[in-house]
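See below for the structure under consideration.
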Amino acid sequence: MFQGLSEKLQETFKRLRGKGKLTEADVSEAMREVRMALLEADVNYKVVKDFVAKVKERAVGQEVLESLSPGQQVVKIVHEELMALMGGQEAKIEIASKPPTIILLVGLQGAGKTTHAAKLAQMLKKQGKHPLMVACDIYRPAAIKQLQVLGEQIKVPVFAQGDRLPVDIATASLQHAASQGLDVVIMDTAGRLHINEELMGELQAIKDTVHPHEILLVVDAMTGQDAVNVAEAFHNQLGLGGVILTKLDGDTRGGAALSVKAVTGCPIKFAGIGEKIDALEAFHPDRMASRILGMGDVLTLIEKAQQAFDEKKAKEMEQKLRKQEFSLDDFLDQMQQLKKMGPLSSILEMIPGMGKQLKDVQINEKDMSHVEAIIRSMTLDERRKPVLIKDSRKKRIAKGSGTSVQEVGRLLKQFEQMQKMMKQFAGAGGPGKGKKGKKPGFRFPFAR
Amino acid sequence: MAGFFAQLKQGLAKTRQNFVQKVEELLTGHRKIDEELYEELEEALIRSDAGVNTAMALVGRLRKEVKARKLSEAEELRGVLQELMVELLGEEKPTNLAAEGPTIILVVGVNGVGKTTTIGKLANYYRQEGKKVILAAGDTFRAAAIDQLEVWGQRAQTEVIKQREGADPAAVAFDAIQAARSRQADMVIMDTAGRLHNKVNLMEELRKVKRVIEREIPGAPHEVLLVLDATTGQNALQQAKLFQEVAGVTGIVLTKLDGTAKGGVVLGIQGEVKLSVKWIGVGEGMDDLRPFVPRDFAEALFERSEEVET
């Protein structure tokens with residue numbers, strides 16, 4: 001269902017190869033695809049209309065760069081415009097010059113306000129702040145308890161006063177924060193519909209009383225066309241400072257991000273990417289643009305790889321590769337590094353074009369641990385020189401690792417192939433001499 | 001009982017004034033059927049989250065009907081389009097009840113769609129019908145989810161079977177079935193933790209819960225309800241597909257229809273996954289869960305089609 005836009009555009013432009021300029025007709029056809037892609041990604045209808053008009057205006061008559069196909073050229077323009085619309089990265093909380101900094105979280109029911117109050121608190125705590133969470137959701141059953149449980153988990157105090165008026169709780173919490181020397185106050189509020197005047201009035205009252213430094217709208221990334229109505233209503237009533245986009249660990253394209261940004265002009269500051277309390281990260285407009293267009297999340301992948309791979313180790317590895325000394329021990333090491341990047345399936349999803357191919361392929365993390373067990377059951381000598389491993393050794397290793405002789409054999413065979421491949425790669429020459437853009441295509445034994 | 005449409009109208013009397021009823025205006029004025037009109041209808045469908053493909057397919061069929069019936073006035077279009085949508089949405093399907101012994105209803109969905117609230121309302125509905133209902137607190141993951149269900153249990157005056165937080169949800173399901181047997185309950189409604197449909201291990205956990213139920217009572221669960229948030233866009237399709245694959249979903253509960261979102265994505269779901277909506281949630285009160293009436297829904301899709309005026 002989610003065919004990447006870039007693939008679609010490539011198809012559209014197949015016939016047009018070799019043209020020097022983008023004509024009006026070319027662009028119109030391409031814009032149809034762009035429009036469809038954006039709508040399927042849940043970007044609001046009106047936002048799409050304006051956006052497409054703008055891109056079209058810019059694209060018609062443009063020179064097609066030599067290195068690009070017309071399709072790529074259009075994708076490039078679309079991507080750039082999308083980035084411009086999404087704005088820069090602004091993952092900062094406005095910290096008050098005089099503490100406490102007051103943060104108000106608002107949004108529809110089920111967007112993830114309570115969870116994200118805790119995630120924010122945890123993040124600020126790690127930055128050396130002393131947060132207080134305030135339970136202003138007096139309506140949803142057990143909402144206060146939920147915040148308290150989360151508070152215990154992350155060791156952040158929670159201020160609750162049962163079902164007193166939320167505006168009174170908010171006011172009282174400030175005194176509490178002052179007396180306890182807490183410098184950030186995060187207020188969780190009840191989920192409400194943007195058309196519920198009474199409850200919107202309640203938020204207004206809290207705002208007018210405590211004067212928050214930051215009002216953040218919590219939005220579910222899966223939201224559809226209605227995202228504009230919601231964001232607009234909250235923004236008009238309260239004057240939002242930013243947005244937290246939640247549940248981005250799902251497989252939604254997340255067009256709501258664009259809709260919300262377009263109608264409020266507020267930056268999306270953070271993204272929720274999992275159920276664990278540390279699953280909160282800075283929002284990256286560039287990645288989101290790629291995601292909405294279905295171009296894969298290459299940048300995230302690269303960055304994750306950079307974080308997880310120890311640079312020194314990478315250098316060593318490179319040396320070993322070049323000298324063809326890569327052993328099963330090194331392989332094991334590499335697997336550990338890879339594991340640090342997170343679940344393999346989520347890494348593969350980020351590679352453009354992989355999403356589709358991998359639809360039916362389940363990367364089995366269990367297979368990975370089997371491989372690990374097998375290697376660990378070998379002696380150091382065996383790891384360096386797998387040729388030593390004949391039948392009786394195979395039996396011993398299989399027994400030791402709780403696997404079968406076949407599995408051991410398969411791993412050895414795959415490793416052998418990998419070594420061959422590396423030899424070819426190393427043979428292609430040292431740094432600078434190799435062909436541009438050619439990367440060592442490791443095929444890991446556990447990828448089926 | 002007032003229809004869902006009437007209920008919506010009543011509930012939103014005030015806010016309705018803020019919306020331009022564009023399509024209604026479009027269709028009630030003396031207009032001829034032209035290309036622009038088709039496009040505007042398509043737009044209205046897309047804006048209700050029906051999705052581009054479904055919208056184009058529906059309008060395509062509309063064109064054919066107009067030709068076949070030789071219609072020319074815009075006014076006549078509305079009825080035809082609604083007919084087509086009702087046809088697509090299918091008949092109202094009653095809840096499947098066990099012939100004997102307790103009826104088991106399993107409730108699943110992604111995070112934050114309103115599963116626990118829906119269960120509270122369902123419990124209330126069936127208790128008012130004179131049934132003895134037991135609730136199973138199968139969301140052992142989210143902080144205070146069990147407490148939340150217990151509050152609903154008190155409101156609906158039904159017993160809640162629970163274990164501690166972090167317990168195996170399959171074990172909770174097992175306990176609840178045993179309790180239903182010994183107390184001769186008519187129905188067990190099981191809560192589950194919200195899970196994104198692309199999390200393989202969590203979906204496997206759900207599969208296990210279902211297996212335990214199947215093993216305990218042949219033919220159960222009698223209903224597996226997928227709760228969908230009406231504000232969700234095209235991702236709802238993926239949700240429906242994957243939950244159906246893993247848990248064998250038998251029907252949809254469409255929640256939060258009291259907002260401005262219209263949940264048009266169920267049109268696409270019906271088209272692609274053949275899953276009907278059985279219930280709709282239209283508010284936070286105990287009684288705000290109603291059986292789904294396709295015709296009312298089709299009508300409501302064309303209501304309040306514009307954004308908030310600013």
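By convention in this document, chain letters (A, B, ...) are assigned in the order of the sequence lines, proteins followed by strands, and residues within each chain are numbered from 1.
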query: Out of B/Gly194, B/Ala236, B/Gly112, which one racks up the most heavy-atom pairs below 4.5 Å with chain A?
result: B/Gly112
- prompt: Got a second to check how far B/Gln238's CD is from A/Met222's CE, nearest 0.5 Å?
  reply: 12.0 Å
task: Identify which part of B/Val110 has an atom lying under 4.5 Å from any heavy atom of chain A, answering side chain, backbone, both or neither.
output: side chain
query: Of all heavy-atom pairs between B/Ala261 and A/Asp226, which one has the smallest distance, and what is that distance?
result: N-OD2, 3.1 Å
- request: Output the distance between atom CG (B/Asp147) and atom CD1 (A/Ile144), rounded to the nearest 0.5 Å.
  value: 11.5 Å
Min side-chain heavy-atom separation A/Gln109-B/Asp229 under 4.5 Å: no
- prompt: Can you find a heavy atom in the side chain of A/Glu275 that is under 4.5 Å from one in the side chain of B/Arg142?
  reply: no
query: Which heavy-atom pair separates B/Asn53 from A/Met36 by the least distance, and what is that distance?
result: OD1-CE, 4.1 Å
- prompt: Less than 4.5 Å apart, any side-chain heavy atom of B/Thr260 and any of A/Ile195?
  reply: yes
query: For the candidates B/Gly264, B/Gly51, B/Ala144, which exhibits the highest count of non-hydrogen atom pairs separated by less than 4.5 Å from chain A?
result: B/Ala144
- request: Measure distances from B/Val113 to the heavy atoms of chain A and classify the residue's part below 4.5 Å as side chain, backbone, both or neither.
  value: neither
message: Does any part of the side chain of A/Pro141, heavy atoms only, come nearer than 4.5 Å to the side chain of B/Glu150, both counted from C-beta?
response: no
statement: All heavy atoms of A/Lys247 vs all of B/Asn111, minimum pair found to be NZ-O, 2.6 Å
query: Any chance NZ of B/Lys162 has more than 12 other-residue heavy atoms, nucleotides or ligands included, within less than 6.0 Å?
result: no
- prompt: Do side-chain atoms of A/Glu40 reach the backbone of B/Val52 as a donor and acceptor pair under 3.5 angstrom?
  reply: yes
Atom pair CG/OH of B/Leu45 and A/Tyr45 - distance to nearest 0.5 Å: 10.5 Å
task: Could you grab the distance from atom NZ of B/Lys256 to atom CG of A/Leu108, nearest 0.5 Å is fine?
output: 7.0 Å
- prompt: Is it the case that more than 12 heavy atoms not belonging to A/Lys261 sit under 6.0 Å from its NZ atom?
  reply: yes
- prompt: Can you name the nearest heavy-atom pair linking A/Asp251 to B/Asn198, along with the distance?
  reply: N-ND2, 3.4 Å
Whether over 12 other heavy atoms sit under 6.0 Å from A/Arg32 CZ: no
field: Within 6.0 angstrom of B/Glu284 CD, more than 12 heavy atoms from elsewhere
entry: no
- line: Residues B/Ala143 and A/Val149: closest non-hydrogen pair is CB-CG1, 3.6 Å
message: Please determine whether side chain to side chain donor-acceptor pair (under 3.5 Å) holds for the pair B/Asn235 and A/Asp42, giving the CA-CA distance in whole Å, both sets of side-chain angles, and the decisive distance to 0.1 Å.
response: CA-CA 9 Å; B/Asn235 193 246; A/Asp42 290 323; over 6 Å; no
- request: Rounded to the nearest 0.5 Å, what's the gap from CZ on B/Arg47 to CG on A/Leu39? Could you check?
  value: 10.5 Å
field: B/Gln239 CD to A/Thr252 OG1 distance, which is reported to the nearest 0.5 Å
entry: 8.5 Å
- prompt: Would you call A/Asp249 and B/Lys199 a side-chain contact if the rule is heavy atoms closer than 4.5 Å?
  reply: yes
statement: Looking only at A/Gln148, A/Gln146, A/Gln153, the option with the highest number of non-hydrogen pairs under 4.5 Å against chain B is A/Gln146
message: So for atom CD, which belongs to A/Glu198, do other residues, nucleotides or ligands contribute more than 12 heavy atoms lying within a distance under 6.0 Å?
response: no
